[in-house]
Amino acid sequence: VPPAEVGRQLAAWSRPAEARRASDVRAAADLAAIRARNPLPPLAGTVDLFQNRLSILLAHDLAWSPRPVFQSYLATGGALSRWNAEHLAGPSAPGNVLFEAWSIDGRLPALDDALAGLELLRRYDVVAVSERFALLRRRPAPRRLALAPAGEATVRLGEEARVPLPAGRLVWVTVRVEPTLLGRLASLVYKLPELGVRLRLADGRETRWRYVRSAGEAGFLLSPSVEGALDMALLVSGPREPLASKGVTAIAIRPSRAGSSRAWRDRVELRFREVVVGPDVRDDEGEAPRPPLREPGRTETGEAPTSSSP
């Protein structure tokens, strides 16, 4: 501990009232600085935030209505993201959502809380866009949304799989890649080596990200590549034609460093679906069924179920 910090703590202990006032002044200045960097319009009702900059809600003194797993980067497994999706579909869902398209540590942002992202597409409209955030407001009635089978592919680790839909379509994908025996042994001692994901876009760009296996097994919105607040606004409320240039045309799951491929089987299975967004559900129809949130015939972890002998 630096000597200056030790001195500050001793001074605070000897003069607690003065230390409390000084702390309050610093906290007020910090919150004012956050508000200045992140201006928001007046928001009535409850608010939640995707991804992780929750200090913005505190600085603006908003009525936070958090998802059960309130940090998006933690909701990468099927069960956790499904929990958040059910919250957004239920009566405790926030009236407003601030959405920021980013993630931690170079991770592909689409992997974070992906199943909850489907509920944003179903149940919210974009009402404002800033440089950082898209502001979404809950709709009176949800949109119809379905996941229609679009094709499957099996490729080698590091090999590209072509997306079987035009660049202007919304594409959901589930990905299965399994560790080798060596990889399983390594995970018992420490952890599996990281994987990466490479995307090829319709505009000719190639992007590279960290990949999270559990999120890929649960599924995520592969295309278009949502790279900012305006992209999210176009995705949710349209028009979607400008996003065609950011459509993903190919995907490859690859080892993140030399030698780590020995920890993974040389087989990547991908299942593509088109996200079909339809008109609103009418009041006299009741709630439309939600799309399945896990692969048919697979368990929560993405494994094929085992059958017991009679």
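Just the heavy atoms: all of them, side chains too, but no hydrogens, waters or symmetry mates, feed the values below.
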> Start with the C-alpha distance between L165 and E274, add both sets of side-chain angles, then the distance that settles side-chain contact (heavy atoms from CB on, under 4.5 Å), and finish with yes or no.
CA-CA 8 Å; L165 286 168; E274 182 177 3; 3.6 Å; yes

> When rounded to the nearest 0.5 angstrom, what is the spacing between CG in L195 and OG in S256?
6.5 Å

> How many angstroms lie between atom CZ of R35 and atom CG of L58, to the nearest 0.5 angstrom?
11.0 Å

> Just checking R139: does its CZ atom have more than 12 heavy atoms from other residues, nucleotides or ligands closer to it than 6.0 angstrom?
yes

> Are V236 and L145 connected into the same hydrophobic cluster when the rule is that any two of I, L, V, M, F, W, Y join if their side-chain heavy atoms are below 4.5 Å apart?
yes

> Does NZ or CZ of R162 come closer than 6.0 Å to the centre of the six-membered ring of F272, within 45° of the ring's axis?
no

> Does D24 CG have over 12 foreign heavy atoms under 6.0 Å away?
yes

> The test is side-chain contact (heavy atoms from CB on, under 4.5 Å); show your working for F50 and V97 and say whether it passes.
CA-CA 7 Å; F50 287 61; V97 169; 3.6 Å; yes

> When you measure from the centre of the six-membered ring of W102, is the NZ or CZ of R53 under 6.0 Å away and within 45° of the axis?
yes

> Any salt bridge linking E227 with R205? Criterion: basic side-chain nitrogen under 4.0 Å from a carboxylate oxygen.
yes

> Can you tell me how far the OG atom of S72 sits from the CG atom of D112, to the nearest 0.5 Å?
6.0 Å

> Should E18 and R15 count as an ion pair when the cut-off is N to O under 4.0 Å?
yes

> When you check the gap from the basic side-chain N to the acidic O, do E178 and R265 get nearer than 4.0 Å?
no

> Could you measure the distance from the OH atom of Y124 to the CZ atom of F99? Nearest 0.5 Å is fine.
13.0 Å

> Should D113 and R82 count as an ion pair when the cut-off is N to O under 4.0 Å?
no

> So L221 and L235, side-chain contact (heavy atoms from CB on, under 4.5 Å) or not? Walk me through it.
CA-CA 11 Å; L221 185 69; L235 175 68; 3.8 Å; yes

> With distance as the sole criterion, is a donor-acceptor pair present between the side chains of R138 and N96 under 3.5 Å?
no

> In sequence, state the C-alpha distance, the side-chain angles, and the governing distance for W209 and T207, and then conclude on side-chain hydrogen bond (donor to acceptor under 3.5 Å, both in side chains).
CA-CA 7 Å; W209 310 86; T207 62; 3.0 Å; yes

> Should the pair R67-D48 be classified as a salt bridge under the 4.0 Å nitrogen-to-oxygen rule?
yes

> Measuring from atom CD1 of I253 to atom OH of Y211, what distance do you get when rounded to the nearest 0.5 angstrom?
4.5 Å

> Can you check salt bridge (Lys or Arg N to Asp or Glu O under 4.0 Å) on D203 and K246, steps first, answer last?
CA-CA 6 Å; D203 62 7; K246 297 183 179 181; over 6 Å; no

> Would you mind checking if D266 and R156 are paired as a salt bridge, meaning a charged N to carboxylate O distance below 4.0 Å?
yes

> Does atom CD of E131 have more than 12 heavy-atom neighbours, drawn from other residues, nucleotides or ligands, at distances under 6.0 Å?
no

> Applying a strict under-4.5 Å side-chain criterion to I, L, V, M, F, W and Y, I'd like to know whether L111 and W264 cluster together.
yes

> What distance do R107 atom CZ and Y73 atom OH have between them, rounded to the nearest 0.5 Å?
8.5 Å

> Should V226 and L118 be counted in the same cluster of Ile, Leu, Val, Met, Phe, Trp and Tyr side chains packed under 4.5 Å apart?
yes

> Walk me through it: do L49 and L62 pass the test side-chain contact (heavy atoms from CB on, under 4.5 Å)?
CA-CA 11 Å; L49 186 144; L62 298 173; over 6 Å; no

> Under a 4.0 Å threshold between the charged nitrogen and the carboxylate oxygen, would R213 count as salt-bridged to E217?
yes

> Salt bridge or not for R267 and E159, using N-O below 4.0 Å?
no

> Count I, L, V, M, F, W, Y as connected when their side-chain heavy atoms are under 4.5 Å apart, and connections chain through other members. Are V177 and V155 then in the same cluster?
yes

